[in-house]
Amino acid sequence: MIELETWVEQISDWYKNRKHDHDTELEHLVFAAPKEVFGPQVTETQSKAIACC
C-alpha cells in the first residue's frame, strides 16, 4: 500500500504545483499508476487515487 500512497502524494504535488508545461510529468504519473489503485477492496486512499485518474 506504500506504493499507492506515494503515487497519490506525487499526483497531489503535481496538482498543487501544476503549470502548463508539466503535462509530460502528469502523463508519466498516470501511466505509472500502481495496480493497487483498482482493487481488490476500495480503501479511502484508493478512492482518492481513482479520483486522480
Side-chain angles (χ1 to χ4, degrees):
M1 203 56 116
I2 292 173
E3 183 180 3
L4 175 60
E5 292 169 1
T6 302
W7 183 83
V8 170
E9 286 177 19
Q10 291 172 336
I11 289 284
S12 294
D13 289 344
W14 178 89
Y15 182 78
K16 290 175 189 171
N17 302 307
R18 70 185 186 273
K19 296 181 180 172
H20 67 281
D21 61 341
H22 290 178
D23 293 342
T24 324
E25 183 180 344
L26 176 61
E27 181 180 355
H28 171 73
L29 288 170
V30 169
F31 286 124
K35 293 178 183 178
E36 293 89 3
V37 170
F38 304 105
Q41 298 173 334
V42 179
T43 64
E44 185 177 339
T45 304
Q46 285 173 302
S47 179
K48 187 174 181 178
I50 291 167
C52 292
C53 287

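Only this structure's heavy atoms are used, side chains among them; waters, hydrogens and symmetry mates stay out.
- Atom CD of residue E9 and atom CG of residue L4 lie 10.0 Å apart, to the nearest 0.5 angstrom.
- Of all heavy-atom pairs between W7 and P34, the closest is CG-CD, 3.5 Å.
- Note: H28 NE2 to Q10 CD = 7.5 Å, rounded to the nearest 0.5 Å.
- A continuous path of Ile, Leu, Val, Met, Phe, Trp and Tyr side chains, each step under 4.5 Å between heavy atoms, connects L29 with Y15, placing both in one hydrophobic cluster.
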